[in-house]
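So the structure is just underneath, and the comments pick up after that.
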Amino acid sequence: HSAAGGNQHPDFIVSVCAVAWALARAQSKWVVLLDAIFALPLVLPPTVLGFYLLIAFAPDSWLGGAWLALTGQSLAFSFEGILLGSVIYSLPFVLQPLKNGFLALDKQVLELAQSYKVGRLTLLSRIIWPMIRPAFISASTLGFAHTLGEFGVVLIIGGNIAGETQVVSIALYDHVESLQFTQAHQLSAVLLLISFVILVASYWNQKRHASVF
């Protein structure tokens with residue numbers, strides 16, 4: 001498994017976009033506190049974040065207990081747990097590009113659309129989406145790339161269960177620890193190639209968007 005494996009649920013994507021929009025448009029001075037909370041994974045050691053997530057995912061916590069009652073399975077030391085932890089860990093890398101994209105929206109264009117009483121769906125699909133699409137692509141690629149090599153968070157909340165919670169970065173560590181350098185080279189090369197391709201795609205997208213304007 002990869003920590004970034006699986007397609008993100010559309011509801012989650014909509015929720016992240018809504019949060020980014022709210023942070024970008026908020027006028028209150030207290031919004032900096034929310035910015036700091038969402039940005040905590042940028043500066044917090046992954047093991048610290050993993051420790052608190054492990055406590056939150058435990059069966060005797062409200063979140064872990066609710067998940068256990070709903071699914072009959074523990075959220076801690078499960079693939080679902082490391083997927084949720086990876087999403088939280090990489091959230092700043094998704095939120096920031098989206099927030100910057102919303103901040104860069106031309107207010108005059110939005111006000112003009114509102115003056116012509118353009119419907120919300122049309123405003124979103126025909127005006128806002130084309131303008132923030134590069135930011136959305138950057139957010140998606142950076143978020144995926146950041147979760148791809150995560151180690152500390154997933155190791156604490158998921159352990160190292162082969163075939164269940166063992167992500168690529170932990171498998172690489174196991175190969176190095178057992179002196180299996182051939183397998184370690186192979187995994188490292190794949191991660192290096194994927195990371196490089198993702199970054200090239202992200203920078204190409206930014207450069208193409210900049211050249212349009």
Side-chain angles (χ1 to χ4, degrees), residues 1-9 12-13 15-16 19-20 37-59 61 63-64 67 71 73-98 136-206:
H1 290 300
S2 166
N7 294 325
Q8 292 183 339
H9 197 281
F12 169 75
I13 298 175
S15 299
V16 172
V19 171
I37 291 174
F38 285 117
L40 267 177
L42 290 174
V43 296
L44 201 63
T47 48
V48 174
L49 179 61
F51 171 70
Y52 283 115
L53 288 177
L54 180 62
I55 293 177
F57 293 171
S61 70
L63 177 59
W67 180 268
T71 66
Q73 298 178 342
S74 173
L75 188 56
F77 302 107
S78 69
F79 177 72
E80 291 78 9
I82 65 173
L83 182 61
L84 179 57
S86 297
V87 167
I88 294 173
Y89 177 63
S90 294
L91 193 58
F93 290 86
V94 177
L95 272 179
Q96 196 58 48
L98 289 175
F136 184 84
I137 294 174
S138 294
S140 302
T141 53
L142 289 177
F144 176 80
H146 190 244
T147 59
L148 191 62
E150 167 47 24
F151 182 86
V153 171
V154 297
L155 180 61
I156 290 183
I157 64 178
N160 187 15
I161 306 173
E164 180 62 30
T165 64
Q166 186 183 63
V167 297
V168 176
S169 57
I170 297 178
L172 174 60
Y173 176 80
D174 284 346
H175 289 319
V176 174
E177 192 176 39
S178 59
L179 303 180
Q180 297 175 338
F181 293 122
T182 299
Q183 293 87 336
H185 277 303
Q186 292 172 348
L187 278 181
S188 297
V190 171
L191 287 175
L192 178 62
L193 179 60
I194 293 175
S195 300
F196 181 73
V197 170
I198 289 174
L199 288 175
V200 168
S202 178
Y203 287 130
W204 177 81
N205 172 66
Q206 294 176 11

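Model, not experiment: these values are computed from the prediction. Just so you know, these numbers use all the heavy atoms, side chains as well, and skip hydrogens, waters and symmetry mates.
Ser90 contributes no side-chain N or O that, together with a main-chain N or O of Phe93, makes up a donor-acceptor pair within less than 3.5 Å. Distance alone, capped at 3.5 Å, places no donor-acceptor pair between the Ser195 side chain and the Leu192 backbone.
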With side chain to side chain contact (heavy atoms under 4.5 Å, CB included) as the test, would you mind laying out the steps for Phe181 and Leu179 before giving the verdict? CA-CA 5 Å; Phe181 293 122; Leu179 303 180; 3.8 Å; yes
Trace of the side chain to side chain contact (heavy atoms under 4.5 Å, CB included) decision for Tyr89 with His146: CA-CA 9 Å; Tyr89 177 63; His146 190 244; 3.1 Å; yes
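Qualifying side-chain contact (heavy atoms from CB on, under 4.5 Å) partners for Leu44, counting only residues two or more places apart in sequence or in other chains: Val48, Leu49. Applying the side-chain contact (heavy atoms from CB on, under 4.5 Å) test to Ser188 and every residue at least two apart in sequence or in another chain returns Leu172. The side-chain contact (heavy atoms from CB on, under 4.5 Å) test applied to Ile137 returns Arg133, Thr141, Asn205, not counting sequence neighbours.
Put simply, CD on Glu80 and OG1 on Thr71 are 7.5 Å apart, with the number rounded to the nearest 0.5 Å. Distance check: Thr147 OG1 to Leu91 CG gives 12.0 Å after rounding to the nearest 0.5 Å. Atoms CG and CD1, from Leu193 and Ile198 in turn, are 9.5 Å apart once rounded to the nearest 0.5 Å. With values rounded to the nearest 0.5 angstrom, Leu83 atom CG is found 10.0 Å from Leu75 atom CG. One distance of note links CG of Leu54 with OG1 of Thr47; it measures 12.0 Å at 0.5 Å rounding. The CD1 atom of Ile170 sits 4.5 Å away from atom CG of Leu155, with the distance rounded to the nearest 0.5 Å.
With contacts defined as side-chain heavy-atom distances shorter than 4.5 Å, the pair Leu84/Phe57 qualifies. Under the 4.5 Å side-chain criterion, counting only non-hydrogen atoms from C-beta, Val94 is not in contact with Leu142.
Leu53 and Gly85 make their closest contact through CD1-CA, 3.8 Å (heavy atoms, listed as atom of the first residue, atom of the second, distance). Of all heavy-atom pairs spanning Ile82 and Ile157, the tightest one is CA-CD1, 3.8 Å. In terms of heavy atoms, Phe136 sits closest to Leu98 at CA-CD2, 3.8 Å. Between Ala39 and Pro92, the shortest heavy-atom contact is CA-CG, 4.1 Å.
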